[in-house]
Amino acid sequence: MELIPSLPTSSPLLQFFINRVCFSYLLFSMITIILFLIIIIAIARLLKSFFCSCETCQTYLTSSWSETFDNLCDWYAHLLRNSPNKTIHIHVLRNTITANAENVEYILKTKFENFPKGKPFSAILGDFLGKGVFNVDGDAWRFQKKMASLHLNNNSVVASFAFEIVNDEIKNRLTPLLLMNQKNGVVLDLQDVFQRFSFDCICRFSFGLDPDFCLESGSMLVFAKSFDLASKLSAERATAVSPYVWKAKRLLNLGSEKRLKKALRVINALAKEVIKQRREKGFSENKDLLSRFMNTIHDDDTYLRDVVVSFLLAGRDTVASALTSFFYLLGKHPEVESLIRDEADRVIGHDKDLTSFEELKQLHYLQAATHESMRLFPPIQFDSKFCLEDDVLPDGTKVESGTRVTYHPYAMGRLEEIWGCDCLEFRPQRWLKDGVFQPMNPFEYPVFQAGLRVCVGKEVALMEMKSVAVSLLRKFHIELLAPLSFGNPRFSPGLTATFSFGLPVMVRERGTTTTTKPSKGV
Ligand code: HEM
């Protein structure tokens, strides 16, 4: 059949040619129409998600939760507490959020393979964390997890190498810093101090290098600010209703994406310096984590950069966050502080310093207090996975393929169903039975995550927290300043929980008095 029969031609070759052109034209038109339809459907879906009219989505989109709650996590905790199955949906984010322990076990263990980090999550954090352990699945994750476990899950490494580094930092840097501060009588931001302290510890422990950041804040301040900014801006990407917004901004190098790029330049320069110094100092004989990676993957500096950044995030921000909220709670609960001191005097000896990891293990009340503090203020307040194939959670919630599933340790720590009617009280003794610490089911307390991707730095982190607590509480009286002394903390957006206004305190050596001279800007 001729497609254009009216054409006056008798040449079969020309006819064939015309037919081909017409066919191509038709094909092109059809493809255009199909593409057009696909775009219309995509836009309709996008608009639908933007305009979900349910009360929760409207409250999220208009940020009207902030009229009643100090923090987004408090609003989520409120919603989850009131949900019959402890699961809610934020449709505009295509996110199912759960505080149901059975669901958590299902996601993190039973159906682990169906709930990976996923490509969308890797894209959100890709510029900051690259292919580091927090941001990959499959073989890449297994390899890094194995390397990290060799280093971190080894009890004797924690007991000797890490314990010595941490206690050397406390004795020679943290304590002198606080003494100096008391002499000057100025307000101290304890959160900033803990960030510098944990940065030094993780660099010495994981990279075998000593930045001496704790005492000298100047040059490293730019790095710290860049690191916090990159964490904040990366986390904010995940709160956008559509990824196209941040992707377009990144393409055009605009606004928050421009600032992220700038912050990443500073972070990359520091990571490069760490790798360079490790190479210069030699790595083949060394037992630190970076040397182990260098011995295995040799020259891939981009990969090594991702390892460095991921371990800085793992070791600096989480521990600093845990210590900040711990000292915040102790400031409000002097009775807990006294009990910690009494136990330390009993186990270690009244005027004696902490000498071993074994001594720390005998401090059951302190162990209970650190766990209780992270129950109320987990350093990682929530954690998201992506659902690969349609699934049904144990509570009957349907989860669609390609949507996000989030478990929420912050909300779980405030559930009556798990902790009883005094769940909002700071009560370390709930963790003790006949004076001995009793661990909880990790799926009800997923502060260190649980299942296959459980935190491998848990023992190091607890050792660090307990060492700092014993040393500082026995030597100093630490007083919270307003507004934290009477209000609740406000958190900055970021991958780990950070107090928006720091932790301003006055420090006094026990048995001495001093006058308060508030410094500017606190
Ligand atoms: C109080 C301090 C800490 C808390 C609350 C904490 C919590 C967590 C959580 C919730 C995860 C899961 C993150 C995710 O998959 O997105 C995690 C993973 C991890 N943490 Fe920690 N962490 C702490 C300290 C540390 C320290 C000090 C190190 C290293 C020295 C460390 C190393 C790691 C590593 C390597 C992973 C990845 C595990 C994996 O993906 O299989 N953590 N941590």
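Order of appearance sets the numbers: ligands from 1, and atoms from 1 within every ligand.
Inspection of the N268 and R305 side chains reveals an N or O donor paired with an N or O acceptor under 3.5 Å. No donor-acceptor contact under 3.5 angstrom links the side chains of W246 and E257, judged on distance only.
Looking at H364, its side chain does come within 3.5 Å of a backbone N or O of F437 through a donor-acceptor pair.
Between D395 and K86 no salt bridge is recorded (no basic side-chain N to carboxylate O distance below 4.0 Å). The residues D422 and R427 are annotated as salt-bridged, a charged nitrogen and a carboxylate oxygen being separated by less than 4.0 angstrom. Under the 4.0 Å criterion applied to side-chain N and carboxylate O atoms, E425 and R430 are not assigned as salt-bridge partners.
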Considering only distance and modelled atom types, tabulate donor-acceptor pairs under 3.5 Å from the side chains of residues 446-458, sequence neighbours left out.
{"unit_1": "Q449", "atom_1": "OE1", "unit_2": "K385", "atom_2": "NZ", "d": "3.1"}
{"unit_1": "Q449", "atom_1": "OE1", "unit_2": "Y407", "atom_2": "OH", "d": "2.8"}
{"unit_1": "Q449", "atom_1": "NE2", "unit_2": "R453", "atom_2": "O", "d": "2.8"}
{"unit_1": "R453", "atom_1": "NH1", "unit_2": "V136", "atom_2": "O", "d": "3.0"}
{"unit_1": "R453", "atom_1": "NH1", "unit_2": "D137", "atom_2": "OD1", "d": "3.2"}
{"unit_1": "R453", "atom_1": "NH2", "unit_2": "V133", "atom_2": "O", "d": "2.7"}
{"unit_1": "R453", "atom_1": "NH2", "unit_2": "V136", "atom_2": "O", "d": "3.0"}

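Residue I202 approaches ligand 1 through these ligand atoms, each under 4.0 Å from one of its heavy atoms: 30 (C). Interface atoms of ligand 1 facing K145, defined by a heavy-atom separation under 4.0 Å, are 38 (C), 39 (C), 41 (O). Set against the non-hydrogen atoms of D383, the atoms of ligand 1 under 4.0 Å away are 14 (C), 15 (O), 16 (O). For ligand 1, the atoms lying closer than 4.0 Å to a non-hydrogen atom of V447 are 5 (C), 7 (C), 10 (C). Near F311, the atoms of ligand 1 lying under 4.0 angstrom from a non-hydrogen atom of the residue are 35 (C). For ligand 1, the atoms closer than 4.0 angstrom to any heavy atom of W141 are 39 (C), 40 (O), 41 (O). Against a heavy-atom cut-off of under 4.0 Å, G315 is close to the following atoms of ligand 1: 27 (C).
Closest heavy-atom approach to atom 13 (C) of ligand 1 within the set Y407, F134, F326: this belongs to F134.
Exactly one residue among T98, T96, T397, T110 makes a side chain to side chain donor-acceptor pair (under 3.5 Å) with N103. That residue is T98. Of the candidates V245, L260, D127, R250 forms a side chain to side chain contact (heavy atoms under 4.5 Å, CB included) with just one, namely D127.
Residue E236 qualifies as enclosed at atom CD: its count of foreign heavy atoms under 6.0 Å is above 12.
Contacts of K117 with ligand 1, taken as heavy-atom pairs under 4.0 Å, involve the side chain alone. When heavy-atom distances to ligand 1 are checked against a 4.0 Å cut-off, L462 has no atom that comes that close, whether in backbone or side chain.
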Are E400 and R94 close enough, and set up right, to give a side-chain contact (heavy atoms from CB on, under 4.5 Å), and what steps lead you there? CA-CA 9 Å; E400 262 181 53; R94 306 188 77 211; 3.8 Å; yes

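The single protein non-hydrogen atom nearest to atom 29 (C) of ligand 1 is L152 CD1, 3.9 Å, given as residue, atom name and distance.
For atom 21 (Fe) of ligand 1, the tally of protein N/O/S atoms lying closer than 2.8 Å stands at 1.
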